[in-house]
Amino acid sequence: MTQPSLAIRIRRLVIGAVALLFFSNVFLPALTRSCDKLEYMNQALEEQNIDPSRYYYTDIEAVGDANHEISNTLRFMPHGQGPVSKP
């Protein structure tokens with residue numbers, strides 16, 4: 001099997017990059033504007049000055065609580081067969 005030439009590989013790379021830029025900068029904003037629920041969420045993010053691309057879930061207090069709960073669940077998980085029902 002032969003590899004495509006360098007020019008073809010570069011062309012594919014450029015086409016892929018342009019497609020990603022089109023998707024993220026044209027298609028997704030148009031989709032957001034066309035759907036009321038997405039537009040509402042977008043406005044709420046802007047009003048609260050939240051940048052979703054820089055929003056990390058580890059910064060939310062609930063994530064710490066959830067992590068603590070799952071750790072306890074795994075640590076204190078029952079072992080063995082469990083209750084046996086009699087016929």
* Where Glu39 and Arg33 come nearest, the two heavy atoms and their spacing -> OE1-CA, 3.6 Å
* Any idea which heavy atoms bring Arg12 and Pro4 closest together, and the distance? -> NH1-CG, 3.7 Å
* Arg11, CZ atom: more than 12 neighbouring heavy atoms under 6.0 Å -> no
* Asked: Which ILVMFWY residues are connected to Ile10, directly or by a chain of links, through side-chain heavy atoms under 4.5 Å apart?
  -> Leu6, Val14, Val18
* Asked: Hey, what do you get for CD1 (Ile8) to CD1 (Ile15), rounding to the nearest 0.5 Å?
  -> 10.5 Å
Please list, one pair per line, the donor and acceptor atoms closer than 3.5 Å that link side chains of residues 21-29 to other protein atoms, with sequence neighbours excluded.
residue: Ser24; atom: OG; partner: Leu20; partner atom: O; Å: 3.1
residue: Ser24; atom: OG; partner: Leu21; partner atom: O; Å: 3.4
residue: Asn25; atom: ND2; partner: Leu21; partner atom: O; Å: 3.3

* Asked: Got a sec, which residues hit side-chain hydrogen bond (donor to acceptor under 3.5 Å, both in side chains) with Asn49, two or more places apart in sequence or on another chain?
  -> none
* To do: Could you note down all residue pairs passing ring-ring contact (aromatic ring centres under 6.0 Å, His included) where residues 29-48 supplies at least one of them, sequence neighbours left out?
  => none
* To do: Could you tell me which residues satisfy side-chain contact (heavy atoms from CB on, under 4.5 Å) with Asn72, sequence neighbours excluded, listed by chain and number?
  => His68, Arg75, Phe76
* Sequence neighbours excluded, which residues qualify as side-chain contact (heavy atoms from CB on, under 4.5 Å) partners of Leu38? -> Leu31, Thr32, Cys35, Met41
